[in-house]
Every structure is written in structure tokens, then in C-alpha cells.
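Proteins get letters first, then strands, A, B, ... in listed order; numbering begins at 1 in each. Predicted, not measured: the structure shown is a model, and the values here were computed from it.
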Amino acid sequence: MLASRRPSFGKQLAGDRIADVGRRGKYVVIELASGRSLVVSLRMTGLLIVQPQGAPRYPYTNVILEFTDGTRLAFADVRRFGRMRLVQKDEAWDAQLGIEPLSKAFSAQALGALMRGRRTPVKVFLLDQRRIAGVGNIYAAEALWEAGIKPTTPAGKLSTERIARLHAALQKVLRKAIDMRGTSARDYVDADGLAGGFQNELRVYGRSDEACPRCGKPLVRTVLAQRGTWWCRNCQR
DNA sequence: AGGCGTACCTGAGGGC
DNA sequence: TGCCCTCAGGTACGCC
């Protein structure tokens, strides 16, 4: 999915029009009037920036879409991990993506069913986009802290009660982060170039050696599936 | 199937 | 100052 580093669809977009902008998991979906979609994966440092006519080139811009009124949509990315792909009408580009964690279908029971029998650490499970689409490293860490669950616990070993707590925590964290327009830990800004606010609400992410907001013991950083993992050894079990 | 390691990139920050 | 090391909102691919 999204294999093109240097999009070659420039000419194909000429004359088309943006009909709507949406999201599926972590992918931004720009729906075009032609029925096609421009699907964007920001990965670690990617940004979509709307710029007025004549604005200076945004740093690390890789792709620019220019509209008839001169407005531009810039796709900028220091690390160039981000991807942009033109998807044809009815193409099932998201077939491998899992359930939306804020959808009605995502009940505690549904979460339990997805985790049943899985021996993978619950944090690794949360990051697997084929199971649940849209939870990243920050929100997995925050939700597990909120639920009082140790990140290495095998997903399939959680009790019904703990699954319910994890489910509630995930939705709480995601809703609040969306309300606050995201986490600007370092580079992230929205399409208007504005930083989000959730970095001020982080309880564990990036806070090695700081006091756990619940019990006061120092938080630790460990590594799980090659990802930094912040948690409290005392109150996450 | 599923789980694990590696590759892809650049810049910031800390230690010496 | 500057070099070297580690780390960072993620995903795809290949191997067992």
C-alpha cells in the first residue's frame, strides 16, 4: 500500500476537483469528483499544509497540489517516510485495515473477540492496523496506562473486566486527543499549520523517570516490538 | 497465521 | 566545536 515515494500522477489530477476529505485509520482520504481518491499516509513526520497563493515553500515540501484559485496543498515530510497514492474508483485499498476504534461496531465485546487467543503483547496488538485501525504508539501507551494494564500482557489473557477498561480507555484517549486536535510532540501541525494540544495531556508517553500521575512512582521506558514503550511498573499490571 | 527483524530517512539532543 | 551515538506520531517486506 502506498508504494510511491515520488508520486507520478501529477498530470492525471489536472482538472479534477476535491469533493470531500475524510480518514480511514491513519490514512487521510482526499476524495475527488472523478471518484478517485488521493490517499495519504503521514507516517512519522508527514504534514499536509494548505497555503494561500504566493506563500513561501513550506520546509521539506515534496509534493504541491495547486488549485485554480492559487491555493496550494503541500505535502511536506522531513524524513520522507510519508506516502501519497492515487487510488482508482472502487479500488479496495483499505481491505487490510481493521475496525475503527470510535465506531459503533467497536464494542468491548468486539475488542475481546479480536484479542481472543492472541499471545502477542497487548501493546503490539493495539498497534496492529489490521486489527484496529488508527491507534499509534502514543495513544496505545496512554490507553494502557489509563486502563492500568501492563503493555506486555498477552492480549488473549485479559479478563472481560480488563478488556472493558481498555476499551473505555482507548475511546477516552482518542476522543480527547481529537478534541485537542492531536499531539504535537515535535513536528506535527494541522493543515493550517497549527499545533495540537494533546502533548500537554500525556501521562506516560515520553516521560521516563518522571512521577506516575497516579501513584508517584517513576515511569519507565522499555522497548516492545522495536518501539519505545512508556509505562508505570507499579500501577500497570 | 502470526511473529519478528530490518529497511527506509533526517534531525535533535546528549555525552565526551 | 564537533564527532558519535541514540532516539523519534510508522509501515512494508521477507523470513521462519
Item to check | Chi class for dG5(B): syn within 90° of 0, otherwise anti | outcome: anti

To the nearest Å, give me how far apart [atom1] ([X]) and [atom2] ([N]) are.
{"X": "L224(A)", "N": "dG10(C)", "atom1": "CG", "atom2": "C1'", "result": "16 Å"}
{"X": "Q226(A)", "N": "dA12(C)", "atom1": "CD", "atom2": "P", "result": "16 Å"}
{"X": "D77(A)", "N": "dG9(C)", "atom1": "CG", "atom2": "P", "result": "14 Å"}
{"X": "R130(A)", "N": "dA1(B)", "atom1": "CZ", "atom2": "P", "result": "10 Å"}
{"X": "E142(A)", "N": "dG9(C)", "atom1": "CD", "atom2": "C1'", "result": "12 Å"}
{"X": "D209(A)", "N": "dC7(C)", "atom1": "CG", "atom2": "P", "result": "14 Å"}
{"X": "M44(A)", "N": "dA12(C)", "atom1": "CE", "atom2": "C1'", "result": "14 Å"}
{"X": "R43(A)", "N": "dT10(B)", "atom1": "CZ", "atom2": "P", "result": "15 Å"}

Can you tell which of [options] lies closest to the side chain of [X]?
{"X": "Y27(A)", "options": "dA12(C), dG10(C), dC7(C)", "value": "dA12(C)"}
{"X": "R118(A)", "options": "dG9(C), dT11(C), dG2(B)", "value": "dG2(B)"}
{"X": "Y60(A)", "options": "dG5(B), dT11(C), dG11(B)", "value": "dG11(B)"}

Can you tell me if the side-chain N/O atoms of [X] get under 4.0 Å from OP1 or OP2 in [N]?
{"X": "K26(A)", "N": "dG9(C)", "value": "no"}
{"X": "Y139(A)", "N": "dG9(C)", "value": "no"}
{"X": "R221(A)", "N": "dT6(C)", "value": "no"}

Item to check | Nucleotide opposite dG9(C) in a Watson-Crick or G-U pair, distances under 3.5 Å | outcome: none

Next on the checklist: Under the criterion salt bridge (Lys or Arg N to Asp or Glu O under 4.0 Å), I'd like the reasoning laid out for K176(A) against D179(A): C-alpha separation, chi angles, the key distance, then a yes or no.
Outcome noted: CA-CA 5 Å; K176(A) 182 151 191 201; D179(A) 276 355; over 6 Å; no

Checklist entry - Any side-chain donor-acceptor pair under 3.5 Å between T120(A) and R118(A)? => result no

Item to check | Cation over ring face, R214(A) and W145(A), 6.0 Å, 45° | outcome: yes

Item to check | Lys NZ or Arg CZ of R207(A) over W230(A) ring: under 6.0 Å, within 45° | outcome: no

Item to check | Test log, rule salt bridge (Lys or Arg N to Asp or Glu O under 4.0 Å), inputs R181(A) and D190(A) | outcome: CA-CA 8 Å; R181(A) 301 175 16 267; D190(A) 67 14; 3.5 Å; yes

Next on the checklist: Using a 4.0 Å heavy-atom cut-off, does D187(A) contact any base of the nucleic acid, only the sugar-phosphate backbone, or nothing at all?
Outcome noted: base

Next on the checklist: Any base atoms under 4.0 Å from G228(A), or only sugar-phosphate, or nothing? Heavy atoms, all strands.
Outcome noted: sugar-phosphate

Checklist outcome for this item: DNA chain B nearest-nucleotide lookup for D128(A) and V78(A): closer to the 5′ end is D128(A)

Next on the checklist: Quick check: on DNA chain B, is the nucleotide nearest R186(A) upstream (toward 5') of the one nearest R131(A), or the reverse? Name the residue that is more 5'.
Outcome noted: R131(A)

Next on the checklist: If I pick the C1' atom on dC4(B) and the same atom on dG9(C), what distance separates them, to the nearest angstrom?
Outcome noted: 22 Å

Item to check | Distance in Å, I132(A) CD1 paired with L111(A) CG, rounded so as to fall on 0.5 Å steps | outcome: 5.0 Å

Next on the checklist: Check this for me: does the side-chain of R79(A) come within 3.5 Å of the base of dA8(C) through a donor and an acceptor?
Outcome noted: yes

Checklist entry - Under 5.5 Å between ring centres and under 30° between planes: does that hold for F81(A) against the base of dG10(C)? => result yes

